Amino acid sequence: MAAAAVPVPQGPLVVGVDSSTQSTKALVVDSATGAVVARGQAAHTVGGGSDGTGKESVPEQWWEALTEALRQCGTPAREAAAVSVGGQQHGLVALDASGRSVRPALLWNDVRSAPQRDRLIEELGGPKAWAERVGSVPAPAFTVTKWAWLMENEPEAARATAAVRLPHDYLTEWLTGYGTTDRGDASGTGWWASATESYDEEILDRVGLSPELLPRVLRHGEAAGTVRELPDLPLPTGALVATGTGDNMAAALGLGLRPGQPVLSLGTSGTVYAVSAHRPTDPTGVVAGFADTRDAWLPLACTLNCTLAVDRIAALLGRDREAVEPGGSAVLLPFLDGERTPHLPHASGLLHGLRHDTTPGQVLQAAYDGAVFALLTALDQVLDADAAPDAPLLLIGGGAKGTAWRETVRRLSGRPVQVPRAEELVALGAAAQAAGLLLGEDPAAVARRWSTAEGPSYGPVPRDEAALERLSRVLADADGLLRHA
């Protein structure tokens, strides 16, 4: 059977990149229609550091993976007019004077800097002061805590550092030769103050980092530069390079979000976010007060336990992940890796309310309920007064394909649900950013023109108040157990 013909592009081609924890993906996209005309992907290696407790990657591998992913895209990549890189947030990339990495990058999920995080919060006025100043109460994921860890634990590496970058900055600089970043990714460092939209020199001084080592923060619509001539790079020299951004900001852009549209992302961890016109300042630390990549804000909350935790419960029960059953009184809080939202770092999973007639399918449904309950509680704190209470929830991530996940979200939220057909939203968002720069358009409007959020819609169902009440009561009553487990 002959292969299906690739449609002739109607507009200039652009490249969107998603450099994630495990791999780099590249999409070549028709800027007129959003059609993906070519794609490539190459893996990275994640190590545990010398003591096995960290999460690290060699940044040069990211560049090799990007080059390979573009090579897989073939001729369309060599015809692209613009490119943008979306990358994993928070990672600390320390470079020497020649631009080589001083040590492997400390990734977002490396939490060795928890003691430095606690000390920094105390030294600079406590959670409320951080929220008002930076927009977020830093978690150990944040870059500022990682630099403090490096200064204390590897001072020779810190002294050898001539430039500090985030993962997407690193790849953008390889493309252009210039050290730049954007406000979205910068807002996850802990040293970019959302109150002033600039680097906070007092925080930098506190951790011993010169602002001269940091990239210039570009504004929405600015170009990072053009692709320089590099051997074996399958991109045209002179193609425009957009600012790029962090992965969450790129995904929001890929959906073309308008203010108040709520998103639930169901992956290994779960995230909830929405674009807002109001700068977030949550002193509880539940909501990270990120900037978006344009001129608004992206309040976001993250739960550690989502699809992987529920799949583990299904495996323990010997059931398929979709084999849920209604009814029963069981409550399962699937905090298998501790939890970030609610803040219970030492917690383990908790099962309560078993009876003689409780079935395995009801226990599995309780695991879904516990995970979704945590996400919806966080969503209530993410959304502001501008968000309509009946706005559809956009469901994305691997879990969005699952019937049990979708129906649990509907039953516990009481909202309509929409499941976008578009996948690879980080790379699509980066492509929309590249197209916006090239065509002089708002990149979110570009994504809406591409209809990236379109997909099956499911109407609201009555909210299961009894299940929500059970979950709230057990979470409150088990507080001591969960904090000291």
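Please read these numbers as outputs of a predicted model, since none were measured by experiment. Throughout, numbering of the chain's residues begins at 1 and tracks the sequence. Worth knowing before you read on, the calculation uses all heavy atoms, side chains too, and leaves out hydrogens, waters and symmetry mates.
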Suppose we screen for ring pair (Phe, Tyr, Trp, His ring centres under 6.0 Å). Which residues come up paired with Trp149, at least two apart in sequence or across chains?
none
Between Asp96 and Ser98, do the side chains contain an N or O donor and an N or O acceptor separated by less than 3.5 Å?
yes
Are the side chain of Thr268 and the backbone of Leu308 linked by a donor-acceptor contact shorter than 3.5 Å?
no
Main-chain N/O of Pro211 paired with Glu201 side-chain donor or acceptor, under 3.5 Å:
no
For residues 177-186, the salt bridge (charged side-chain N to carboxylate O under 4.0 Å, His left out) pairs (sequence neighbours left out) are Arg183-Glu197, Arg183-Asp292
Taking the side chain as every heavy atom from C-beta outward, state whether Pro59 and Ser101 have any pair of such atoms under 4.5 Å apart.
yes
Test salt bridge (charged side-chain N to carboxylate O under 4.0 Å, His left out) applied to Asp442 - qualifying residues, sequence neighbours left out
Arg294
Validation row: Val164, Leu92 side chains within 4.5 angstrom (heavy atoms)
yes
Are the side chains of Ser194 and Trp297 in contact, using a 4.5 Å heavy-atom criterion?
yes
side-chain contact (heavy atoms from CB on, under 4.5 Å) assessment of Val102 paired with Glu154:
CA-CA 11 Å; Val102 169; Glu154 298 180 9; over 6 Å; no
Any pair counted as salt bridge (charged side-chain N to carboxylate O under 4.0 Å, His left out), so long as it reaches residues 223-238, sequence neighbours left out
none
Spell out, as yes or no, whether a donor-acceptor pair under 3.5 Å connects the side chain of Gln89 to the backbone of Asp247.
no
Dump the intermediate steps for side-chain hydrogen bond (donor to acceptor under 3.5 Å, both in side chains) on Glu339 and Asn305, then the final yes or no.
CA-CA 7 Å; Glu339 188 46 78; Asn305 298 280; 2.8 Å; yes
Carefully, step by step, assess Thr245 and Gln433 under the rule side-chain hydrogen bond (donor to acceptor under 3.5 Å, both in side chains).
CA-CA 9 Å; Thr245 193; Gln433 191 183 58; 5.3 Å; no
Locate the shortest heavy-atom distance separating Ser31 from Pro12; write the atom from each residue and the value.
OG-O, 2.6 Å
Pairwise distance CH2(Trp63) to OH(Tyr170) - rounded to 0.5 angstrom:
8.5 Å
Run the side-chain contact (heavy atoms from CB on, under 4.5 Å) test against Ala77 and tell me which residues pass, sequence neighbours left out.
Val28, Leu70, Cys73
May I have all residue pairs that pass salt bridge (charged side-chain N to carboxylate O under 4.0 Å, His left out) and include part of residues 399-412, sequence neighbours excluded?
Asp369-Arg411, Lys401-Glu423, Glu407-Arg410, Arg411-Asp464
Partners meeting side-chain contact (heavy atoms from CB on, under 4.5 Å) with Asp311 (sequence neighbours left out):
Arg321
Might you confirm whether atom CD of Glu60 has over 12 heavy atoms from other residues, nucleotides or ligands at distances under 6.0 Å?
yes
Using 0.5 Å steps for rounding, measure from the OG1 atom of Thr243 to the CG atom of Asp169.
10.0 Å
Separation between CG of Leu230 and CH2 of Trp174, rounded to the nearest 0.5 Å:
7.0 Å
Test item: Ser187 side-chain N/O and Ala291 main-chain N/O as donor-acceptor pair under 3.5 Å:
yes
To the nearest 0.5 Å, what is the distance between OG on Ser269 and CG on Leu304?
7.0 Å
Got a second to check how far Leu255's CG is from Leu425's CG, nearest 0.5 Å?
4.5 Å
Residues that Phe335 engages under ring pair (Phe, Tyr, Trp, His ring centres under 6.0 Å), provided they are two or more places apart
none
Looking at every non-hydrogen atom in both residues, tell me the closest pair between Val382 and Ala274 and how far apart they are.
CG1-N, 3.9 Å
Trp405 side chain reached by Val310 side chain, heavy atoms, under 4.5 Å
yes
Check each of Val272, Val409, Thr408 against Leu375 using the side-chain contact (heavy atoms from CB on, under 4.5 Å) test, and report the only one that passes.
Val272
Measure the shortest side-chain to side-chain distance between Phe142 and Leu120 over non-hydrogen atoms and say whether it is less than 4.5 angstrom.
no
Once salt bridge (charged side-chain N to carboxylate O under 4.0 Å, His left out) is applied, what residue pairs with a partner in residues 75-90 remain, sequence neighbours excluded?
none
Can you name the nearest heavy-atom pair linking Ala65 to Ala42, along with the distance?
O-CB, 3.6 Å
Apply side-chain contact (heavy atoms from CB on, under 4.5 Å) to residues Val17 and Thr24 and explain how you reach the verdict.
CA-CA 7 Å; Val17 176; Thr24 292; 3.8 Å; yes
Test item: Thr281 side-chain N/O and Gly135 main-chain N/O as donor-acceptor pair under 3.5 Å:
no
Smallest heavy-atom separation, Gln72 atom then Gly40 atom, equals OE1-CA, 3.3 Å
Counting only heavy atoms not in Tyr199, do more than 12 fall under 6.0 Å of its OH?
yes
Does a side-chain heavy-atom distance below 4.5 Å link Ser84 with Leu437?
no
Evaluate side-chain hydrogen bond (donor to acceptor under 3.5 Å, both in side chains) for Ser23 paired with Gln41, printing each intermediate quantity in order.
CA-CA 7 Å; Ser23 68; Gln41 181 172 352; 3.1 Å; yes
Please name the pair of heavy atoms, one in Pro280 and one in Pro299, separated by the smallest distance, quoted to 0.1 Å.
CG-CB, 3.8 Å
Once side-chain contact (heavy atoms from CB on, under 4.5 Å) is applied, do any residues pair with Asp110, and if so which ones, sequence neighbours excluded?
Lys55, Glu56, Leu106, Arg112, Lys146
Tell me, do Arg165 and Pro215 make a side-chain contact under 4.5 Å, heavy atoms counted?
yes
Would Ser19 and Leu66 satisfy side-chain contact (heavy atoms from CB on, under 4.5 Å), going step by step from the backbone distance to the final call?
CA-CA 8 Å; Ser19 183; Leu66 174 56; over 6 Å; no
Give the C-alpha distance, both sets of side-chain angles, the deciding distance and a yes or no for side-chain contact (heavy atoms from CB on, under 4.5 Å) between Val286 and Thr377.
CA-CA 10 Å; Val286 170; Thr377 301; over 6 Å; no
Closer than 3.5 angstrom, by distance alone: can the side chain of Ser136 be matched with the main-chain N or O of Gly289 as a donor-acceptor pair?
yes
Would you give the length of the straight line joining atom OG1 of Thr143 to atom CG of Leu166, rounded to the nearest 0.5 angstrom?
5.0 Å
Minimal heavy-atom distance between Leu438 and Ala82, with the atoms involved, is CB-CB, 4.1 Å
Heavy-atom check, side chain of Glu441 versus side chain of Arg449, under 4.5 Å
yes
Not counting sequence neighbours, which residues clear salt bridge (charged side-chain N to carboxylate O under 4.0 Å, His left out) with Glu222? List them please.
Arg216
Under the side-chain contact (heavy atoms from CB on, under 4.5 Å) test, which residues partner Leu376, sequence neighbours left out?
Leu264, Val372, Leu379, Leu393, Leu412, Ser413
